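Worth saying up front: this structure is predicted, and the values here are computed from it rather than measured. First listed ligand is number 1; within each ligand, the first listed atom is number 1. Position 1 is the first residue of the sequence; numbering continues from there.
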Amino acid sequence: MAGPCAVESERQVMETAEAVARAGACVLRGGAYKPRSSPYAFQGLGVAGLKMLKKARQATGLYIVTEAMSELEVDLIAEYADIMQIGSRSMENYALLEALGRCGRPVLLKRGMTATVKELMQSAQIIAQSGNPDIILCERGIRTFETVTRNTLDIAAVPVLKMVSRLPVIVDPSHAGGMRCLVSPLSRVAVAAGADGLIVEVHPCPEKALSDGKQSLNLSEFDELMRDLQPYLAIRAKPTCTDPELLVAGGRV
Ligand code: PEP
Ligand code: MN
C-alpha cells in the first residue's frame, strides 16, 4: 500500500497513484480526514479528497485505503473506500470500532502508539464481534524513551501477531521511523520478519507535502524500494508458535 499521507489535490493523487501502481503497489493510501496532533496543522480535504481517491481508483484499478476518525463519517467513507483505516490515535475509540464492525468493508487497524499487542488484539476483537472479521493489523511504531526516531518499530510484534492471530499483519515504516532514509531498512526487516505487506507514504514532491513530507518517499524512491525488497520476499519468516504463554500474553481468545 502506498500513497500520500494526505490527499492534497487531484494532480498530486493521480500522479502518485499512477506511479505506485506502475511500481507494483495494489492499494493507494491517502487521508481525506487527518488526525493531526496540532489543531493548526492541515486537517484534510474531507469529501472532496474522497472524490479524488475515487477518480484515482477508476484511472488505475488500485484499491483505496483511507482513514475514518469518527463513527459519524463511517457510512460516507465506506461509499468511497475499499479498506477503512483506523489511525493510531483512534485504536481505542470504541464507538468507531463498533461502527467499523458494521461497515461492510475490510478494516486496517493501526496499533495505538502506547498500546500493547494484547490491547491491539482486543480492539480487533471488538471489530470482529461487531460483525466484521476482515481485519488487517498494522504495526506502526510505539512510543518509547528513544527520541532519534519518531516512534520505535516493534519488529517482534510482527511474528507475535502472526502467531496469536489469523489476521494479516502489515508494517508502516514511514510513521515508525519518521525519516525518509529509514523507510528502506525498516521495510526490509519487516518483510524478513514475516509481514504480509507494507503501507508506505509516497509524495510526488515530499519537500512540498502538507503533512509528513520528511518521512515520505518520492516516486522514484518508491520504485527503487519495491525492487530492493524482492530478495527479502524469498527469506520471509513464517512464524509458528509453540509457547502457550505467548498465546495468552498476546491476547488470543
Ligand atoms: C497516517 O497513516 O497518515 C497516520 C496518521 O498514521 P498513524 O495513525 O499511524 O499515526
Ligand atoms: Mn502520515
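At a cut-off of 3.5 Å, with distance as the only test, a side-chain donor of His175 or Asp212 sits close to an acceptor on the other residue.
Between Arg11 and Glu15, at least one side-chain N (NZ, or NE/NH1/NH2) sits under 4.0 Å from a carboxylate O, which counts as a salt bridge. Salt bridge Arg22/Asp223: absent, no basic N to carboxylate O contact under 4.0 Å. A salt bridge links Arg188 with Asp228: the distance from a Lys NZ or Arg NE/NH1/NH2 to an Asp or Glu carboxylate oxygen falls below 4.0 Å. With respect to the salt-bridge test (charged N to carboxylate O, under 4.0 angstrom), the residues Arg236 and Asp196 qualify. Note on Glu67 versus Lys34: no salt bridge recorded, every NZ/NE/NH1/NH2 to OD/OE distance being 4.0 Å or above.
Under the 3.5 Å distance criterion, the side-chain polar atoms of Gln43 are matched with a main-chain donor or acceptor of Ala41.
Between Arg89 and ligand 1, at least one pair of N/O atoms sits closer than 3.5 Å. Residue Glu201 places at least one N or O, backbone or side chain, under 3.5 Å from an N or O of ligand 1. The N/O atoms of Lys110, backbone and side chain alike, include one that comes under 3.5 Å of an N/O atom in ligand 1.
Of the protein's non-hydrogen atoms, Arg29 NH1, 2.8 Å is the one closest to atom 2 (O) of ligand 1. Taking atom 9 (O) of ligand 1 as the reference point, the nearest protein heavy-atom neighbour is Arg140 NE, 2.7 Å.
With a 4.5 Å cut-off on side-chain heavy atoms, Met91 and Leu109 count as touching. Residues Val27 and Ile199 form no side-chain contact, since every pair of their non-hydrogen atoms from C-beta on lies 4.5 Å or further apart.
For ligand 1, the atoms sitting less than 4.0 Å from at least one non-hydrogen atom of Gly87 are 8 (O), numbered in the order shown with element in parentheses. Close approach of ligand 1 to Cys5 (heavy-atom distance below 4.0 Å) involves ligand atoms 3 (O). The distance from ligand 1 to the heavy atoms of Gln85 drops below 4.0 Å at these ligand atoms: 1 (C), 2 (O). Here is the list of ligand 1 atoms found below 4.0 Å of a heavy atom in Ser88: 7 (P), 8 (O), 9 (O), 10 (O).
When the N, O or S atoms of Glu201 are ranked by distance to the Mn ion (ligand 2), OE2 comes first. Looking at Asp212, its N, O or S atom nearest to the Mn ion (ligand 2) turns out to be OD2.
Comparing Met69, Gln215, His175 against atom 1 (C) of ligand 1, the shortest heavy-atom distance belongs to His175.
In this structure, Gly31 does not count as a contact residue of ligand 1, since none of its heavy atoms falls inside 4.0 Å of the ligand.
For Met113, no heavy-atom contact with ligand 1 is shorter than 4.0 Å.
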